[in-house]
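Just so you know, these numbers come straight off a predicted model, no measurement behind them. Counting starts at 1 for both ligands and their atoms, following the listed order.
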Amino acid sequence: MELIVAGGRRLVGSVPASGSKNAALAIMAGSMLVEGDTIIENMPGIRDVSVMSSILQEMGVSIRPVGPQAMRIRTHRFIHHEAPYELSKKLRASSLLLGPLLARKGRASIPLPGGDNIGSRPMDLHVKGLRALGADVQVEHGYIVARAPRLEGARIYLDFPSVGATENIMMAACLADGTSIIENVAKEPEVVDLANFLTLMGANIRGAGTDVIRVDGVDSLTATAYSLIPDRIEAATLLAAGIITHGRVRVTNVIPTHLESVLSKFSEMGASITVGDDYVEATMDRPIQPCDTKTLPYPGFPTDMQPQLSAVLSIAAGVSVITESVFENRFLHVDELKRMGANIRLEGRSIIVEGVPGLTSTRVQANDLRTGAALILAGLVAEGETVISGVEHIDRGYDDICSKLNSIEASIKRRDSTKCAAAGEENGTWVN
Ligand code: UD1
């Protein structure tokens, strides 16, 4: 599958954000803590959610849609403690099953995770936390295997505020005996959303959204219904599409406070920002100003927006420096943007982006989810038609991205490149 992006159109209009990918994955994992029916609303239609659903189904869970954006997860008394290898290696978030399965079944076995190719992404903090709760955790034949007949509350300090480690440890601590104090935790809105979901199920959690989370263990939880927060990264990407095309884009169904660091960066770049109760609008009617940025854990500038920011700054009127401090190797987009005429130099954990007057279209490859988003943004302003392959990476985390962008005046099509090659057609088969 390929995307064909026609460059040169100014994006104007209003478009809703979908539910948060990262909240969806964590809360699907959290539903393993209970027996019964969990209903999740505002579910995004993305491939990562489909993969997580398939993983849970292989473990004996029934899943079915109960509305256009709602899913019912029915967990039975008996579920497998081992996540299936083939599917789990495609999705790093499958590692979030470790804590809930361990807490509920006393045993969990998860293939060492895959996901985006952005650095080594170790699991040491997850393991350290679960060991502190009394689990025996070993790596056996490519699986992380955790065992504990009963977990005990503990005091745990995370050396880095890892989102996944915070979520895994918090979920496990919900069913532990006694109190857990987890320090230097991640403060991302998705962590808070998971904590709110767990609290609705009867967990006793305080401090989510601050540096310290306290969990008083309870004996059992009860299944519940929950509506996910909007996806702040999708929202920010749509706003960036307005900015890079010198347009005016309003994104609705957002929680504006979740976007603060991104919005202040967009203002610095010269965009006019209007914030409503549940929408944000960005208008760009002057040259994009260069600016320096460092990615940081929330509430800092999100690493998940760094490739898209690089794309926008590649046509800024001057030189910007972007430093990646969360992941060690998150510059897969740089070579592809350079192929489109961007002038970017890599220096250690930073890139120096020298703005150019314009980009040119070519064939490019989305090697990961956010590289794909950056290439779409670049394609929107490049002269001619940009052909992006590796669309399956984009579909992992963007709900119907072509229709959303086309609804605000973009012109993007999907083309099935395999069908095209089989039929010997030069222009391919349009499927969207
Ligand atoms: C989550 C998000 C991802 C986002 C990232 C950072 C999900 C499903 N994914 O990923 O979109 O980019 O947060 O905001 O929610 N680390 C360790 N040891 C560990 C765990 C992490 O050293 O045990 C390091 C990682 O290598 C990385 C940094 O900590 O350098 C941040 O990773 P983490 O916050 O754990 O990211 P994820 O939870 O994998």
Options Ser20, Ala23, Pro122, Pro297, ranked by nearest heavy atom to atom 20 (C) of ligand 1, top entry: Pro122
Atoms in ligand 1 flagged as close to Phe160, the criterion being non-hydrogen separation under 4.0 Å: 28 (C), 29 (O), 31 (C)
Any N or O of Thr303 closer than 3.5 Å to N or O of ligand 1: no
Ignoring hydrogens and angles, write down the donor-acceptor pairs under 3.5 Å from the side chains of residues 267-274, residues two or more places apart or on other chains.
residue, atom, partner, partner atom, Å
Ser267, OG, Leu263, O, 3.1
Glu268, OE1, Lys265, NZ, 3.2

Quick one: does Asp124 get an N or O within less than 3.5 Å of an N or O on ligand 1? yes
Where's the contact between Met123 and ligand 1, heavy-atom distance under 4.0 Å: side chain, backbone, both or neither? backbone
Sole candidate of Asp37, Ile40, Ile39 that passes side chain to side chain contact (heavy atoms under 4.5 Å, CB included) when paired with Ile73: Ile40
Carboxylate-amine/guanidinium proximity below 4.0 Å for Arg232 and Glu190: yes
Hey, is Arg92 touching ligand 1 through its side chain, its backbone, both or neither, going by heavy atoms under 4.0 Å? side chain
Which heavy atom in Thr257 sits nearest to a heavy atom in Tyr298, and how many Å separate them? O-OH, 3.5 Å
Geometry only, no angles: is Glu328 polar-contacting ligand 1 at N/O separations under 3.5 Å? no
Arg330: numbered ligand 1 atoms lying under 4.0 Å from its heavy atoms: 12 (O)
Would you kindly say whether Thr371 and His393 are connected by a side-chain donor-acceptor distance under 3.5 Å? no
May I ask you to check whether Gly164 has an N/O atom sitting below 3.5 Å from an N/O atom of ligand 1? yes
So does Met59 get a backbone contact from the side chain of Gln57, meaning a donor-acceptor N/O pair under 3.5 Å? no
At a 4.0 Å cut-off, with the gap strictly under it, does some heavy atom of His126 reach an atom of ligand 1? yes
Below the 3.5 angstrom mark, is there an N/O of Val163, backbone or side chain, next to an N/O of ligand 1? yes
Below 4.5 Å, heavy atoms only, C-beta onward: do Arg349 and Glu328 meet side chain to side chain? yes
Answer side chain, backbone, both or neither: which part of Ser162 comes under 4.0 Å from ligand 1, heavy atoms only. both
When only distance counts, is Leu96 in polar contact with ligand 1, meaning an N/O pair under 3.5 Å? no
Which is closest to atom 4 (C) of ligand 1 by heavy-atom distance: Asn329, Asp304, Asp159? Asp304
Backbone or side chain, does any N or O of Val326 fall under 3.5 Å from an N or O of ligand 1? yes
Pro44 and Ser18 have their tightest heavy-atom pair at CB-CB, 4.2 Å
With heavy-atom distances below 4.5 Å as the criterion, would you say the side chains of Ile376 and Tyr398 are in contact? no
Ion pair Arg147/Glu140, N-O distance below 4.0 Å: yes
Pairs of nitrogen or oxygen atoms closer than 3.5 Å, one from Glu167 and one from ligand 1: do any exist? no
